[in-house]
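Here the structure is a predicted model, which is why all the values come from computation and not from measurement. Below, chain A is the first sequence line, B the second, and so on; all start at residue 1.
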There are 2 protein chains.
Amino acid sequence: MLAHSTANSATRFHPSVSPRVDDAMPSVFSPTQMQPLSFYPAGAEIYADGGRAEAIYQVEYGAIRVYRLLADGRRQISAFHLPGEIFGFEADNAHHFFAEAITSTSLRRFRLSPGADISRDLLPLALRSLMRAQDHLLVLGRHTAIERVAAFLIDMAERQGASGHVDLPMSRMDIGDYLGLTIETVSRVFSRLKERKIIRLTNSRSVEILKWDALHQMGE
Amino acid sequence: MLAHSTANSATRFHPSVSPRVDDAMPSVFSPTQMQPLSFYPAGAEIYADGGRAEAIYQVEYGAIRVYRLLADGRRQISAFHLPGEIFGFEADNAHHFFAEAITSTSLRRFRLSPGADISRDLLPLALRSLMRAQDHLLVLGRHTAIERVAAFLIDMAERQGASGHVDLPMSRMDIGDYLGLTIETVSRVFSRLKERKIIRLTNSRSVEILKWDALHQMGE
DNA sequence: CGAATAGTTGACCGATGTCAATGAAGGTGG
DNA sequence: CCACCTTCATTGACATCGGTCAACTATTCG
C-alpha cells in the first residue's frame, strides 16, 4: 500500500536567491514586505513537516505540492499551488506539511514577523484555503474515481484560465495522492475519458478538454 | 448510492431567543458583541447553502453538523461542532454549507458587521478550522475504514476531555457521511473494535475506550 | 403496547487496489 | 545525433475492501 517510493528522496536544496524583483505579479502585500525571488529545481523541498513556519510563499512560476505522510509511506497531497497562489500558513509557528517544487519553480517569500499584524491580509487567504480544502473533502469523501478526476481537471482548467487546454505539471502519482487513488486508477480513468471523447491527451502532461459539459456533470 | 433519505426534511425552525447571557463559557469576542443565546431542537436548520452569511456561531451546548449535498443526495459532513467551538465562517458573504443541530442545541451568534474589523480574532479560528479540514483530508484520502473510525473516536475523545468515555451525539449515518463510509461499514467497524476489546458500547451513542494505544496506532 | 426509526449482521457484488508486463518518453554519455 | 537506460504511464489479470440489498433486532416515541 506504499503510495510512493521516493517521498523522502526530495533533494534538500538550498535555494539560490535572486536580487531581481519581478513586478509582473501583483502582490497582496505592501511593497515594503516585498522579497526577492527564490528558485527551486524540480523536487526541491520548500519546507518540511516539523520545521519552523516563519513565512508564507507566493508562486511566481512553476508548481508546488503540499502533502502529509503516514508512517507506512502513504501520502496525501492536500493541495497543488500554481502561479499567483499563496500557501504556507499554519495555525501555530510550526509546519505540519511538506512542500516541494513539482517542476522548476520560483517563489516569493513573505516573512511573518512576530510583531506586525497582517491578519487583515491573511484572513481572506486563509478562508479561501479553507474553502478549497472543504471542496476537496467532498471529492474525497463522496466522489467515485471518475468524478474525482473530472473535478480535478475542471479545477486545473479554471485555475489556468479555463481555455480548453490544461497543463498538468504533476505526475500520475501526484494526482493519485491528491485524489486518494492509485496511479493505475488515475491512468485508467484518463483512458476512459479519452475513449468517450471527453478529453484528448497531447502528451501525458497536457490535456485538451473536448466536452466541458460532460466533465462538469461528473465533477460536480 | 443515496447517502441518506431525510437531508432536506430538517425542520426549518425559527429559533427562540433567550434574553439570558450565559457567562460560563468564555467568549473569544469582546462583551460588547455578546449576543443572547438561540435554541434549536434536534434537526433544526441553523443556516442553508446559498443563504447570506452574516454571523458566526459558538456552540453553547449540544452538537452541530455542517455538510454539503450532491444533486443525487450523497452527503459529505465536513465537520461536527461541540460546545465551545466556533463555526460558520465563509470566504464570501454567502453560505456554502448546511448547518443543523444534531441534538437539542444552544448557540451564541456573533454578527459580522461589515464595518468592524475582527480579522485579528477570526484569523486564528479560520486557521484552526483549516488545520482540521486538512487533517480530515488525510483521513478521507488515505485511511481504511477501521482507521477512519479510530481517528474519529480519538478526535471525539480528545474534544470531550480525553477521558475513557466518549459521547456520540450523532447517528451512524452522520458518522458515515463524515467519514466517507456507509452506515453498515461504520456499524461493522464498531463491532470489530468491540470484538478486539478496543472499545465497549454502553449504548450505541456512548463509547468507552479500553485500549487507547491500539486505537491511536490505527487512527494515525 | 405498537409503530417507526436506528442499529446490527449476513450474503453477495463491484469499484478500486495490487501485482505484473509492456510501452513511451526523457535524460545522459558515447 | 543516436543508443541506452531510467523513469513514467498504460494495460491486463486477479484480489480485496467496502458497498448494496435484505433480514433481523433494539430502541424510541406516540
- Item | Nucleic acid footprint by protein, nucleotides 24-30 of chain D - heavy-atom cut-off 4.0 Å, B for base, S for sugar-phosphate alone | -------
- Donor + acceptor pair across side chains of His165(A), Glu208(A) (<3.5 Å): no
- Between dG26(C) (P) and Arg172(A) (CZ): distance, integer Å: 12 Å
- Count the heavy atoms of every other residue, nucleotide or ligand shown that sit under 6.0 Å from CD of Gln160(A), and state whether that count exceeds 12. yes
- Item | Over 12 non-hydrogen atoms of neighbours within 6.0 angstrom of CZ in Arg205(B) | yes
- For Arg148(A), answer base if it contacts any base atom (sugar-phosphate contacts may also be present), sugar-phosphate if it contacts only those atoms, and nothing otherwise; contact means non-hydrogen atoms under 4.0 Å. nothing
- Task: Take the protein atom CD of Glu195(A) and the nucleotide atom P of dT11(D), then report the distance between them rounded to whole Å.
- Result: 8 Å
- Checking all strands, does Leu201(B) fall into the base, sugar-phosphate, or nothing category for heavy-atom contacts under 4.0 angstrom? sugar-phosphate
- Between CG of Leu168(B) and P of dT8(C) the distance, given in whole Å, is 11 Å
- Message: I need the CD1-C1' distance between Ile102(B) and dA6(C), as an integer number of Å.
- Response: 15 Å
- How would you label the contact of Arg205(B) with the nucleic acid (heavy atoms, under 4.0 Å): base, sugar-phosphate, or nothing? sugar-phosphate
- Query: Rounded to whole angstroms, how far apart are CZ on Phe190(A) and C1' on dT10(D)?
  - Reply: 12 Å
- Taking the six-membered ring of Phe97(B), is NZ or CZ of Arg65(B) closer than 6.0 Å to its centre and within 45° of its axis? no
- Task: Consider only side-chain N and O atoms of Glu100(A) and Tyr67(A), and report whether a donor and an acceptor are under 3.5 Å apart.
- Result: yes
- Message: Check for me whether Arg172(B) meets the cation-pi criterion with Phe190(B), that is, NZ or CZ under 6.0 Å from the six-membered ring centre and within 45 degrees of the ring axis.
- Response: yes
- Task: Check each residue of residues 179-186 of chain A for a non-hydrogen atom within less than 4.0 Å of any atom in DNA chain C, then write out the ones that pass by number, or none.
- Result: Gly180(A), Leu181(A), Thr182(A), Glu184(A), Thr185(A)
- Positive for side chain to side chain contact (heavy atoms under 4.5 Å, CB included) with Pro169(A), one of Thr103(A), Asp174(A), Ile64(A): Thr103(A)
- Sorted by chain and number, sequence neighbours left out, side chain to side chain donor-acceptor pair (under 3.5 Å) with Ser187(B) holds for none
- Atom CE of Met173(A) and atom P of dT18(C) are separated, to the nearest Å, by 11 Å
- Query: So does Arg188(B) reach the base of dG7(C) with its side chain, donor to acceptor, closer than 3.5 Å?
  - Reply: no
- Quick one: Asp174(B) CG to dG7(C) C1', roughly how many Å, whole number? 13 Å
- Item | Along DNA chain C (nearest heavy atom to each residue), the more 5'-positioned of Met170(B) and His143(A) | Met170(B)
- Ser171(B) has its side chain closest, among dT9(C), dG7(C), dG17(C), to dG7(C)
- Query: What heavy-atom pair brings Arg74(B) and Arg142(A) nearest, and what distance separates the two atoms?
  - Reply: NH1-O, 2.8 Å
- Of the nucleotides dT8(C), dT10(D), dA9(D), which has the atom closest to the Ser187(B) side chain? dT8(C)
- Asp72(A) CG to dG17(C) P, straight-line distance once rounded to whole Å: 15 Å
- Within 6.0 angstrom of Arg128(B) CZ, more than 12 heavy atoms from elsewhere: no
